[in-house]
Protein chains: 2
Amino acid sequence: MSDPARLAIGDLARQTGTKVNTVRFYEDIGLLPCPMRTASGRRIYNAADVRRLSFIRHGRTLGFSVDEIRSLLALSDQPERDCGEAAAIARQHLRDIEERIARLQTLRSALVGVAASCDGGRAADCRVIEAIAGVALLNNE
Amino acid sequence: MSDPARLAIGDLARQTGTKVNTVRFYEDIGLLPCPMRTASGRRIYNAADVRRLSFIRHGRTLGFSVDEIRSLLALSDQPERDCGEAAAIARQHLRDIEERIARLQTLRSALVGVAASCDGGRAADCRVIEAIAGVALLNNE
DNA sequence: ATACAATCTACAGCTACTGTAGAAGCAAGC
DNA sequence: GCTTGCTTCTACAGTAGCTGTAGATTGTAT
C-alpha cells in the first residue's frame with residue numbers, strides 16, 4: 001500500500017491513536033462506514049475516515065458516550081439540520097460530569113476520614129473496616 | 001418463614017437495599033457464603049448475613065471495587081491480622097478518587113467552552129461539532 | 001381450589017472495548 | 001523460490017458489576 005491516499009487499517013489506527021481492533025469494533029457498531037476492500041479483502045481507508053475517527057476519539061476523550069457521538073456524527077452528516085441538538089447534548093453532558101464531580105467529592109470527604117483513621121493494629125479494631133461496616137458514616141454525617 | 005432469625009433472600013435483599021439477583025450474584029463470586037437451604041431448596045439467611053451484605057453495599061457505595069471489598073472482608077474475617085493492609089487499600093482508593101476528580105475537572109473546563117459556544121444555527125457551522133472535531137481544543141489549549 | 005407472590009436455575013445483555021486463536025496475505029532478504 | 005516476520009482477516013471470549021428474562025417450583029392467602 002504505497003499510495004498515501006489508501007490507508008491500511010494499521011495506518012488509520014496509528015494516525016488516530018486507536019487500536020486496530022477498536023477500529024473494527026467501531027465499524028461493527030456503525031460509527032465508521034464499511035470501507036472498501038482490496039482484492040484480498042483488506043480494508044482501505046482515506047483522509048475522510050481519519051477525520052471521522054479523530055472526531056470519534058476526541059469525543060470519547062471528552063467523555064461522550066458512543067450514543068452521544070452517534071448523534072453528533074449524524075448531525076455533522078446533515079449540515080443543514082439545526083445545531084441546537086448538538087448544543088443540548090454538550091450541555092447535558094456537562095451537567096452529567098458536574099454531577100459526577102460532586103458525587104466523587106462527597107465520596108472523597110467520607111474517605112478522607114476513613115483512610116486517615118487507621119495505620120496498623122489488630123484488624124478486629126480497624127477503624128477503616130468499622131467505618132465501612134457502620135451505618136454512622138453514611139447516615140450520621 | 002415466620003422465625004425472624006431465618007430470612008428469605010427477599011428479606012435479606014430488602015433489609016440491605018439489594019436486588020435479589022444481586023444477592024445471588026455475590027454468592028456466585030464468593031462475597032457471600034453459600035447459605036443453608038430449606039427442604040425445598042430455598043436459601044436461608046441470618047443476622048450475620050445482613051451485616052456482611054451491608055458491609056459489601058456500603059463499600060460499593062464508597063466506590064470500592066469488588067476485589068477491594070474481598071480483601072477488606074478477608075481482613076475482618078481474620079481479626080488478628082494486621083490492619084495496615086486495610087488502611088493501605090483505603091488510602092489507595094482515596095488517591096484513585098482524587099485522580100478521577102482531577103480528570104473530570106479538566107474535562108469540565110474543556111466542555112464549558114464547548115457547550116457554551118453554540119445555541120442554534122446550521123449544523124455545518126456548529127461550534128460544538130467543530131470543537132470536538134478540531135485538534136485545537138486538545139492540542140492548543 | 002385457585003390465584004398470586006416469591007424463589008429456583010441458567011443464561012443473555014449492558015458499556016466500550018481488549019485480547020486471543022488460527023488462518024491467510026504481504027514485503028524483504030537470501 | 002523460500003523463509004522469516006509483520007499485518008490483516010474472522011470470530012469469539014473476557015473485562016466490571018450487575019440486571020433482566022424464561023420457565024419451572026414452592027409458599028401463602030383467600
Side-chain angles (χ1 to χ4, degrees), chain A residues 1-4 6-32 34-45 49 53 55-73 93 96-97 100 103 107, chain B residues 1-4 6-32 34-45 49 53 55-73 93 96-97 100 103 107:
Chain A
M1 200 157 294
S2 55
D3 185 344
R6 287 162 56 96
L7 304 170
I9 192 169
D11 302 324
L12 176 64
R14 235 167 286 117
Q15 287 189 28
T16 56
T18 314
K19 304 213 168 177
V20 167
N21 269 348
T22 305
V23 176
R24 286 192 281 253
F25 171 71
Y26 286 153
E27 182 185 326
D28 280 351
I29 63 173
L31 283 193
L32 289 177
C34 295
M36 289 193 315
R37 304 279 188 137
T38 66
S40 66
R42 300 192 168 195
R43 293 169 177 82
I44 305 170
Y45 297 97
D49 295 311
L53 183 50
F55 182 92
I56 295 169
R57 291 271 86 200
H58 289 157
R60 294 287 303 129
T61 302
L62 286 172
F64 287 95
S65 74
V66 162
D67 268 357
E68 288 168 332
I69 290 171
R70 208 189 296 277
S71 304
L72 293 170
L73 280 171
H93 185 54
D96 289 350
I97 282 174
R100 278 159 63 193
R103 281 202 46 234
L107 222 65
Chain B
M1 201 158 294
S2 54
D3 185 344
R6 287 162 56 96
L7 303 169
I9 193 169
D11 302 325
L12 176 64
R14 235 166 284 119
Q15 289 189 27
T16 56
T18 313
K19 305 214 170 178
V20 167
N21 270 348
T22 305
V23 175
R24 286 193 281 253
F25 170 72
Y26 286 153
E27 181 185 324
D28 280 351
I29 63 172
L31 284 192
L32 289 176
C34 295
M36 288 193 313
R37 303 279 188 138
T38 66
S40 67
R42 299 191 168 194
R43 292 168 178 82
I44 304 170
Y45 297 97
D49 295 310
L53 183 49
F55 182 91
I56 294 169
R57 292 270 86 201
H58 290 158
R60 293 289 302 132
T61 302
L62 287 172
F64 287 96
S65 73
V66 162
D67 269 356
E68 287 168 333
I69 290 172
R70 209 188 296 277
S71 304
L72 293 170
L73 279 171
H93 185 54
D96 290 349
I97 282 174
R100 277 158 66 192
R103 282 201 46 232
L107 222 65

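Just so we're on the same page: letters track the sequence lines, and every chain starts at 1.
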**OP:** Measure the distance from CZ on Arg14(B) to P on dA5(C) and round it to the nearest whole Å.
**Re:** 13 Å

Subject >> Side-chain touch Ile56(A)/Leu73(A), heavy atoms, less than 4.5 angstrom >> reply: yes

Subject >> Rounded distance (Å) that lies between atom C1' of dT19(D) and atom CD1 of Ile29(B) >> reply: 14 Å

**OP:** Using a 4.5 Å cut-off on heavy atoms from C-beta on, say whether the side chain of Arg60(A) contacts that of Val66(A).
**Re:** yes

**OP:** Starting at atom CZ of Arg70(B), determine the distance to atom P of dG17(D), rounded to an integer number of angstrom.
**Re:** 9 Å

Original post:
Out of curiosity, Leu72(A) CG to Phe55(A) CZ, how far, rounded to the nearest 0.5 Å?
Top reply: 5.0 Å

Original post:
Given dT9(C), is OP1 or OP2 found less than 4.0 Å from the side-chain N or O atoms of Arg37(B)?
Top reply: yes

Original post:
Short question: side chain of Arg24(B), backbone of Ile9(B) - any donor-acceptor pair under 3.5 Å?
Top reply: no

Subject >> Euclidean distance, atom CG of residue Leu7(A) to atom C1' of dT8(D) [Å, nearest integer] >> reply: 15 Å

Subject >> Phosphate OP1/OP2 of dT9(C): any Arg43(B) side-chain N/O under 4.0 Å >> reply: yes

Original post:
When you measure from the side chain of His93(B) to the backbone N and O of Glu68(B), does any donor-acceptor pair fall under 3.5 Å?
Top reply: no

Subject >> Nearest non-hydrogen partners of Ile44(B) and Pro35(B), listed with the distance >> reply: O-CB, 3.4 Å

Subject >> Atom pair distance, as rounded to whole Å: CD in Glu27(B) and P in dT19(D) >> reply: 17 Å

Original post:
Does OP1 or OP2 of dC26(C) have a side-chain N or O of Ser40(A) closer than 4.0 Å?
Top reply: yes

**OP:** Return the value, rounded to whole Å, for the distance between atom CZ of Arg42(B) and atom C1' of dT9(C).
**Re:** 13 Å

Subject >> Ile44(B) CD1 - dA6(C) C1' separation (whole Å) >> reply: 15 Å

Original post:
Which letter, B, S or -, goes with each nucleotide of nucleotides 10-17 of chain C from 5' to 3', with contact meaning a protein heavy atom under 4.0 Å?
Top reply: ------BB

Original post:
OP1 or OP2 of dG20(D) sitting under 4.0 Å from any side-chain N/O of Lys19(B)?
Top reply: yes

**OP:** Could you point out which residue of Asp11(A), Thr18(A), Thr16(A) forms a side chain to side chain donor-acceptor pair (under 3.5 Å) with Arg14(A)?
**Re:** Asp11(A)

Subject >> Whole-Å gap separating C1' (dT7(D)) and CG (Leu12(A)) >> reply: 14 Å

